[in-house]
Amino acid sequence: MSQTLAPQEQISNQAGQPVKELPHVFDSTRLTLVDFLDVDGDIMERARQFTGFLDDARARGHCHYRRVSVTGSGPTIQVLDPDTGETREMVYMASNDYLNLTRHPRTVAAGIEATRKYGAGAGSVPLLGGTFDIHIALEKEVAAFKGCEAAILYTSGFGSNCGTLLTMLTKADVAICDLLIHASLKDGCGNTNVEYFRHNNMNSLEKVLSRCRDKYRTKLVVVDGVYSMDGDIARLDRIVELAHAHDAYVMVDEAHATGVIGENGRGTPEHFHIEGKVDIVAGTFSKALGSVGGFIASRKDLINLLHFYARSYMFSTAPTPQSVASLREGLRVIVEEPELRRRLWDNIDYFKKNLLGLGFDIGKSETAIFPVIIKDDLKVKEMVRFCHDHGVYVNPVVYPAVPRRLSRLRCSLMATHTREHLDKALNTIEDAGREFGVI
Ligand SMILES: Cc1ncc(COP(=O)(O)O)c(C=O)c1O
């Protein structure tokens, strides 16, 4: 079905000039987000065209973004049906809440208690009054958990990665990045030189390191510990070895690794038994730790510098007392309740075995993130619609987020998913795969 939009009235740009006549049909099966990066006309015109595209995608049942939950995160959630306005229960496979600490009674109770004691917000930026005793305590606890001298807290993981890199690296330096690092890291390289190496490919990394050897002042290799769209693990032991042999530092983003991998959930350095050897350990509080915010753990001197130069730290209000208290309790839960991580890993093993048994391509997934690679954007959108219609909440990942030949469904697991939830998801994905000729 192709939706024809009503003809647009003639509109003008800010300078009062009429804008170019536009196509009245935005066929979202042929267009992608890339097509709206640079269109003829000013920003309002660009927004109008993009809205046409979005309306078409919605009319086809291909837009599953910003679905509204009325219950918050959990193995199942109640989601508003945009057509009927009614709520519907869905098995939730679209979060990063791997241990479901968003709803753990201990993290929830700690957050409520801190709100009563300290109020709803920090009230100021951290350098000018927004630093409370609980912020200092969390900094120390994060540093200890990550085996580093010190840590700095940011109000978002994105701001943490981006602001830290923008502060550390200038035009005399170079960031040597895995091709698949997160957008927050890529955006942080805006002030410096950037060289990419092929994803998790050590020969490629070595070549780039050799090429950069005497050219730059600071050389920093930047990787994710666990890759957010593929669920594979960086070969961090080898990366650190190669980087240090070439006088480069290593920064690893532990967003999807913290609480999930390593014997005690301490992440990728623990997984490879190289704790203390990674120069800069970054992470978010928004995934397995179940709240919001980001951190950098490293040498004390670097943390001191970030306190006074990282703009996304200095000019942003400190994390809320609720989030800080919930996070402190969350770190304790990770240490004291290892059975949560064991349940997550039981689920990972079960889901992986069954998806492979059904004949799906799940790439190199090794953790709680499962790409179900379909290689066709339109089929991905149709399969996601099918899954949502049958009560299973998975995400579409299509071009330009990934190359078209790698478009996929993204499923993520939680420790609190039961076998029943997993079976429902597996059966539904199987039915979708058969319906659209994927398996
Ligand atoms: C690998 C990675 N790093 C950083 C971030 C940003 O973290 P936050 O959502 O806490 O801002 C994300 C995503 O949300 C991520 O997937």
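Numbers here are sequence positions counted from 1. First listed ligand is number 1; within each ligand, the first listed atom is number 1.
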- Message: Within the structure, is a non-hydrogen atom of Gly294 found at a distance of less than 4.0 Å from ligand 1?
- Response: no
- Option among Lys207, Arg213, Arg211 that satisfies the salt bridge (Lys or Arg N to Asp or Glu O under 4.0 Å) test with Glu195: Arg211
- Query: Within the structure, does Asp253 bring an N/O atom to less than 3.5 angstrom of an N/O atom in ligand 1?
  - Reply: yes
- Heavy-atom check, side chain of His421 versus side chain of Met414, under 4.5 Å: no
- Taking only heavy atoms of Ser286 into account, list the atoms of ligand 1 that are under 4.0 Å away from them. 8 (P), 9 (O), 10 (O)
- Query: Please state which protein non-hydrogen atom is closest to atom 7 (O) of ligand 1 and give its distance, to 0.1 Å?
  - Reply: Thr284 CG2, 3.1 Å
- Item | Exercise: do Lys146 and Thr258 side chains pair donor with acceptor under 3.5 Å | yes
- Note on the structure: For His256, the ligand 1 atoms with a heavy-atom partner under 4.0 Å come out as 1 (C), 15 (C), 16 (O)
- Query: Of all the atoms in ligand 1, which lie at a distance below 4.0 Å from a heavy atom belonging to Ala255?
  - Reply: 1 (C), 2 (C), 3 (N)
- Query: Any nitrogen or oxygen of Phe158, main chain or side chain, under 3.5 Å from a nitrogen or oxygen of ligand 1?
  - Reply: yes
- Message: Just to confirm my output: which protein heavy-atom neighbour is closest to atom 13 (C) of ligand 1, and how far is it?
- Response: Lys287 NZ, 2.7 Å
- Task: Please determine if Gly157 has a nitrogen or oxygen closer than 3.5 Å to a nitrogen or oxygen of ligand 1.
- Result: yes
